[in-house]
Amino acid sequence: MMQPGGPGMAPHIAQQYQQQQQQPYMMMPPQPQPQTQPPQMWAPNAQPPPQSAPPQQQPQPASADEVRTLWIGDLQYWMDENYLYQCFSHTGECGSVKVIRNKQTNQSEGYGFLEFTSRAGAERVLQTYNGTIMPNGGQNFRLNWATFSSGEKRHDDSPDYTIFVGDLAADVTDYHLTEVFRTRYNSVKGAKVVIDRTTGRTKGYGFVRFADESEQMRAMTEMQGVLCSTRPMRIGPASNKNLNTQSSKGLSL
DNA sequence: TATGAGCGT
(Lines give C-alpha, C1' and ligand atoms only; values in the text may rest on other atoms or scores of the structure.)
Protein backbone atom coordinates (compact mmCIF):
# COMPACT_ATOMS: atom_id res chain seq x y z
CA MET A 1 0.00 0.00 0.00
CA MET A 2 2.17 2.75 -1.18
CA GLN A 3 0.70 6.14 -1.37
CA PRO A 4 -0.20 6.95 -4.93
CA GLY A 5 1.11 10.43 -5.29
CA GLY A 6 4.68 9.94 -4.31
CA PRO A 7 7.14 12.77 -4.25
CA GLY A 8 6.47 13.87 -7.82
CA MET A 9 9.62 15.67 -8.57
CA ALA A 10 8.44 17.51 -11.64
CA PRO A 11 11.64 17.13 -13.58
CA HIS A 12 10.38 19.02 -16.57
CA ILE A 13 10.80 22.25 -14.77
CA ALA A 14 14.46 21.95 -14.07
CA GLN A 15 15.11 20.75 -17.57
CA GLN A 16 12.99 23.38 -19.13
CA TYR A 17 14.50 26.01 -16.98
CA GLN A 18 17.97 24.99 -17.94
CA GLN A 19 16.99 25.00 -21.54
CA GLN A 20 15.55 28.42 -21.20
CA GLN A 21 18.71 29.59 -19.65
CA GLN A 22 20.42 28.93 -22.89
CA GLN A 23 18.16 31.30 -24.63
CA PRO A 24 18.93 34.99 -24.85
CA TYR A 25 15.59 36.31 -23.68
CA MET A 26 15.37 34.24 -20.60
CA MET A 27 15.01 35.67 -17.18
CA MET A 28 17.96 36.84 -15.22
CA PRO A 29 19.76 34.34 -13.06
CA PRO A 30 19.98 35.19 -9.41
CA GLN A 31 22.38 38.01 -8.86
CA PRO A 32 25.02 37.47 -6.23
CA GLN A 33 23.60 39.44 -3.34
CA PRO A 34 22.71 43.08 -3.22
CA GLN A 35 22.98 42.94 0.56
CA THR A 36 21.08 45.76 2.12
CA GLN A 37 21.08 47.82 -0.99
CA PRO A 38 17.76 47.45 -2.76
CA PRO A 39 17.82 46.74 -6.46
CA GLN A 40 17.18 49.68 -8.67
CA MET A 41 14.42 48.19 -10.75
CA TRP A 42 12.81 44.83 -10.76
CA ALA A 43 13.94 42.91 -13.78
CA PRO A 44 14.45 45.99 -15.91
CA ASN A 45 14.72 44.01 -19.10
CA ALA A 46 11.73 41.83 -18.42
CA GLN A 47 8.26 42.42 -19.64
CA PRO A 48 5.45 41.88 -17.20
CA PRO A 49 3.80 38.66 -18.32
CA PRO A 50 0.26 39.51 -17.20
CA GLN A 51 0.15 42.24 -19.78
CA SER A 52 0.55 39.86 -22.61
CA ALA A 53 -1.85 37.31 -21.20
CA PRO A 54 -4.65 36.44 -23.57
CA PRO A 55 -7.99 37.96 -22.63
CA GLN A 56 -9.44 34.55 -22.26
CA GLN A 57 -12.47 35.04 -20.11
CA GLN A 58 -14.99 32.41 -19.39
CA PRO A 59 -18.42 33.80 -20.16
CA GLN A 60 -19.99 31.99 -17.28
CA PRO A 61 -20.25 33.96 -14.07
CA ALA A 62 -22.02 31.10 -12.40
CA SER A 63 -18.82 29.46 -11.23
CA ALA A 64 -17.61 32.49 -9.40
CA ASP A 65 -17.02 30.36 -6.36
CA GLU A 66 -14.49 28.30 -8.19
CA VAL A 67 -11.15 28.75 -6.53
CA ARG A 68 -8.34 29.08 -9.00
CA THR A 69 -5.72 30.97 -7.06
CA LEU A 70 -2.77 29.52 -5.23
CA TRP A 71 -0.67 31.20 -2.63
CA ILE A 72 3.08 30.73 -2.95
CA GLY A 73 5.56 31.43 -0.21
CA ASP A 74 9.24 31.22 0.64
CA LEU A 75 10.14 33.33 -2.34
CA GLN A 76 13.53 34.93 -2.49
CA TYR A 77 13.90 38.60 -3.26
CA TRP A 78 14.88 38.03 -6.86
CA MET A 79 11.97 35.76 -7.69
CA ASP A 80 9.72 38.09 -9.62
CA GLU A 81 6.66 37.60 -11.77
CA ASN A 82 8.77 36.67 -14.70
CA TYR A 83 10.39 33.89 -12.77
CA LEU A 84 7.13 32.53 -11.47
CA TYR A 85 5.48 32.70 -14.83
CA GLN A 86 8.25 30.66 -16.37
CA CYS A 87 7.86 28.09 -13.67
CA PHE A 88 4.24 27.46 -14.50
CA SER A 89 3.64 28.70 -18.02
CA HIS A 90 4.30 25.30 -19.51
CA THR A 91 1.23 23.96 -17.76
CA GLY A 92 -0.80 26.08 -20.13
CA GLU A 93 -3.13 26.87 -17.30
CA CYS A 94 -1.36 29.67 -15.54
CA GLY A 95 -3.33 32.83 -16.15
CA SER A 96 -1.37 35.35 -14.18
CA VAL A 97 1.15 35.62 -11.43
CA LYS A 98 1.78 38.31 -8.87
CA VAL A 99 4.49 38.92 -6.35
CA ILE A 100 3.52 41.02 -3.37
CA ARG A 101 5.96 43.80 -2.68
CA ASN A 102 6.52 46.33 -0.03
CA LYS A 103 5.12 49.60 -1.26
CA GLN A 104 7.99 51.62 0.09
CA THR A 105 11.00 49.52 -0.67
CA ASN A 106 9.48 47.59 -3.55
CA GLN A 107 11.08 44.56 -2.03
CA SER A 108 9.31 41.29 -2.41
CA GLU A 109 7.41 40.27 0.68
CA GLY A 110 8.34 36.71 -0.05
CA TYR A 111 5.01 35.51 -1.27
CA GLY A 112 2.69 35.87 -4.19
CA PHE A 113 -0.34 34.53 -5.98
CA LEU A 114 -0.81 32.33 -8.97
CA GLU A 115 -4.08 32.43 -10.78
CA PHE A 116 -4.99 29.58 -13.04
CA THR A 117 -7.58 29.20 -15.71
CA SER A 118 -9.38 26.50 -13.81
CA ARG A 119 -9.56 25.07 -10.36
CA ALA A 120 -8.51 21.71 -11.70
CA GLY A 121 -5.40 23.24 -13.16
CA ALA A 122 -4.58 24.95 -9.92
CA GLU A 123 -5.04 21.76 -7.98
CA ARG A 124 -2.91 19.87 -10.41
CA VAL A 125 -0.10 22.34 -9.96
CA LEU A 126 -0.52 22.24 -6.22
CA GLN A 127 -0.23 18.49 -6.15
CA THR A 128 2.59 18.31 -8.64
CA TYR A 129 4.81 21.15 -7.59
CA ASN A 130 4.34 21.58 -3.88
CA GLY A 131 7.45 20.43 -2.12
CA THR A 132 9.44 19.90 -5.28
CA ILE A 133 12.65 21.70 -5.97
CA MET A 134 12.50 25.17 -7.40
CA PRO A 135 14.42 25.95 -10.58
CA ASN A 136 17.12 27.78 -8.68
CA GLY A 137 17.94 24.46 -7.08
CA GLY A 138 18.11 25.71 -3.55
CA GLN A 139 14.70 25.26 -2.04
CA ASN A 140 11.28 23.78 -2.50
CA PHE A 141 8.08 25.22 -3.79
CA ARG A 142 5.73 26.13 -1.01
CA LEU A 143 2.24 26.29 -2.39
CA ASN A 144 -1.18 26.45 -0.87
CA TRP A 145 -4.66 27.52 -1.71
CA ALA A 146 -5.17 31.21 -1.36
CA THR A 147 -7.30 31.91 1.66
CA PHE A 148 -10.51 33.89 1.86
CA SER A 149 -11.41 32.66 -1.53
CA SER A 150 -11.01 29.14 -0.37
CA GLY A 151 -14.41 27.59 -0.27
CA GLU A 152 -13.08 24.28 0.80
CA LYS A 153 -11.71 24.11 4.24
CA ARG A 154 -8.48 22.47 4.97
CA HIS A 155 -8.96 18.75 5.31
CA ASP A 156 -7.50 19.24 8.69
CA ASP A 157 -10.06 18.81 11.39
CA SER A 158 -7.65 17.25 13.84
CA PRO A 159 -5.20 19.18 15.94
CA ASP A 160 -1.49 19.15 15.28
CA TYR A 161 1.07 17.88 17.73
CA THR A 162 4.36 19.35 16.71
CA ILE A 163 7.94 18.79 17.68
CA PHE A 164 10.99 20.88 17.02
CA VAL A 165 13.88 19.28 15.17
CA GLY A 166 17.26 20.93 15.23
CA ASP A 167 20.75 20.20 13.98
CA LEU A 168 19.52 19.37 10.53
CA ALA A 169 22.03 18.92 7.75
CA ALA A 170 21.98 21.42 4.94
CA ASP A 171 20.53 18.97 2.45
CA VAL A 172 17.52 17.94 4.49
CA THR A 173 14.27 18.94 2.82
CA ASP A 174 10.67 18.92 3.92
CA TYR A 175 10.12 15.67 2.14
CA HIS A 176 13.19 14.05 3.58
CA LEU A 177 12.32 15.05 7.10
CA THR A 178 8.78 13.86 6.63
CA GLU A 179 9.86 10.46 5.44
CA VAL A 180 12.31 9.93 8.26
CA PHE A 181 9.46 10.21 10.70
CA ARG A 182 6.73 8.70 8.61
CA THR A 183 8.53 5.40 8.36
CA ARG A 184 8.21 5.05 12.12
CA TYR A 185 5.05 6.96 12.95
CA ASN A 186 1.84 6.57 11.10
CA SER A 187 0.26 9.77 12.22
CA VAL A 188 2.86 12.10 10.74
CA LYS A 189 1.05 14.84 8.91
CA GLY A 190 4.06 16.57 7.49
CA ALA A 191 7.29 18.31 8.21
CA LYS A 192 8.76 21.65 7.44
CA VAL A 193 12.34 22.75 7.24
CA VAL A 194 12.66 26.44 7.97
CA ILE A 195 14.20 28.41 5.15
CA ASP A 196 16.09 31.65 5.50
CA ARG A 197 14.56 33.85 2.91
CA THR A 198 17.55 36.08 2.46
CA THR A 199 19.84 33.23 1.63
CA GLY A 200 17.36 30.62 0.46
CA ARG A 201 19.09 28.09 2.62
CA THR A 202 17.90 26.01 5.46
CA LYS A 203 18.24 27.38 8.95
CA GLY A 204 19.06 23.94 10.19
CA TYR A 205 15.89 23.27 12.05
CA GLY A 206 12.35 22.35 11.32
CA PHE A 207 9.10 20.97 12.61
CA VAL A 208 7.27 17.71 12.38
CA ARG A 209 3.53 17.52 12.89
CA PHE A 210 1.71 14.51 14.24
CA ALA A 211 -1.95 13.79 14.42
CA ASP A 212 -1.48 11.51 17.40
CA GLU A 213 -0.22 13.01 20.61
CA SER A 214 1.19 9.74 21.90
CA GLU A 215 3.33 9.41 18.80
CA GLN A 216 4.54 12.92 19.28
CA MET A 217 5.60 12.01 22.77
CA ARG A 218 7.31 8.85 21.67
CA ALA A 219 9.16 10.65 18.92
CA MET A 220 10.47 13.18 21.39
CA THR A 221 12.57 10.48 23.00
CA GLU A 222 12.90 7.82 20.36
CA MET A 223 14.11 10.09 17.62
CA GLN A 224 16.56 11.94 19.79
CA GLY A 225 19.94 11.63 18.12
CA VAL A 226 18.64 9.55 15.24
CA LEU A 227 20.52 10.17 12.05
CA CYS A 228 18.82 12.23 9.41
CA SER A 229 20.94 12.54 6.31
CA THR A 230 24.37 13.06 7.84
CA ARG A 231 23.58 14.45 11.25
CA PRO A 232 21.87 13.23 14.37
CA MET A 233 18.73 15.15 15.08
CA ARG A 234 18.07 17.09 18.19
CA ILE A 235 14.45 16.92 19.17
CA GLY A 236 12.68 19.40 21.32
CA PRO A 237 9.21 20.60 22.12
CA ALA A 238 7.70 23.07 19.72
CA SER A 239 5.99 26.15 20.92
CA ASN A 240 2.55 25.73 19.49
CA LYS A 241 1.63 28.92 17.84
CA ASN A 242 -1.71 27.73 16.69
CA LEU A 243 -3.88 26.39 19.42
CA ASN A 244 -6.00 24.43 17.03
CA THR A 245 -9.54 23.41 17.55
CA GLN A 246 -9.50 23.05 21.27
CA SER A 247 -10.57 26.01 23.32
CA SER A 248 -11.98 27.57 20.23
CA LYS A 249 -15.67 27.74 20.62
CA GLY A 250 -18.03 29.80 18.60
CA LEU A 251 -15.40 30.42 16.01
CA SER A 252 -17.09 30.15 12.69
CA LEU A 253 -15.42 30.00 9.34
C1' DT B 1 22.39 29.07 14.07
C1' DA B 2 17.36 27.23 16.51
C1' DT B 3 10.95 27.73 17.50
C1' DG B 4 7.64 27.89 11.03
C1' DA B 5 3.41 30.39 8.95
C1' DG B 6 3.73 34.33 4.98
C1' DC B 7 -2.69 35.69 1.84
C1' DG B 8 -2.99 40.91 -2.34
C1' DT B 9 -5.11 45.26 -5.99
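Treat the numbers as computed from the prediction; the structure is a model and nothing was measured. Here is the naming used below: chain letters follow the sequence lines, and residue numbers restart at 1 for every chain. Below, each value reflects all heavy atoms present in this structure, side chains not excepted, and no hydrogens, waters or symmetry copies.
A:S229 is linked by a side-chain contact (heavy atoms from CB on, under 4.5 Å) to A:A169, A:D171, A:V172, A:H176, counting only residues two or more places apart in sequence or in another chain. A:R197 meets the salt bridge (charged side-chain N to carboxylate O under 4.0 Å, His left out) test with no other residue; sequence neighbours excluded. With sequence neighbours left out, the side-chain contact (heavy atoms from CB on, under 4.5 Å) criterion links A:Q76 to A:W78, A:M79, A:N136, A:Q139. The side-chain contact (heavy atoms from CB on, under 4.5 Å) test applied to A:D212 returns A:S187, A:S214, A:E215, not counting sequence neighbours.
B:dG8 has its base stacked against the ring of A:F113, the centroids being under 5.5 angstrom apart at an interplanar angle below 30°. Evaluation of A:F207 against the base of B:dG4 yields a stacking contact (centre distance < 5.5 Å, interplanar angle < 30°).
The stretch residues 183-225 of chain A participates, sequence neighbours left out, in these ring pair (Phe, Tyr, Trp, His ring centres under 6.0 Å) pairs: A:F164-A:Y205, A:F164-A:F207, A:Y185-A:F210.
As a whole-Å value, the separation of A:R234 CZ from B:dT3 C1' is 13 Å. As rounded to whole Å, 10 Å separates atom P of B:dG8 from atom CD of A:E109. Distance CG (A:N144) to P (B:dC7): 12 Å, rounded to an integer number of Å. For A:L75 and B:dC7, the CG to P distance is 13 Å, given to the nearest whole Å. One atom, CG of A:D196, and another, P of B:dG6, lie 15 Å apart when rounded to the nearest Å. As a whole-Å value, the separation of A:N106 CG from B:dG8 P is 17 Å. The distance between atom CD1 of A:I195 and atom C1' of B:dG6, rounded to the nearest whole Å, is 14 Å. Remark: C1' of B:dG6 and CE of A:M79 are 15 Å apart, rounded to the nearest angstrom.
Nucleic acid contact for A:R197: none, since no nucleic acid atom lies under 4.0 Å from a heavy atom of the residue.
When the side-chain nitrogen and oxygen atoms of A:K98 are compared with OP1 and OP2 of B:dC7, none of them lie within a distance under 4.0 Å.
Under a 3.5 Å cut-off, the side chain of A:E93 and the backbone N or O of A:A122 do not form any donor-acceptor pair.
For the segment residues 165-172 of chain A, residues with any heavy atom less than 4.0 angstrom from an atom of DNA chain B are, sorted by number, A:D167.
The A:T147 side chain lies nearest to B:dC7 when the options are B:dT9, B:dC7, B:dG4.
Exactly one of A:Y175, A:W71, A:F88 qualifies for a ring pair (Phe, Tyr, Trp, His ring centres under 6.0 Å) with A:F141. That residue is A:F88.
For B:dA5, its base never sits under 3.5 Å from the side chain of A:R142 at any donor and acceptor pair.
Ranked by how close their nearest DNA chain B nucleotide is to the 5' end, A:K192 and A:I100 are led by A:K192.
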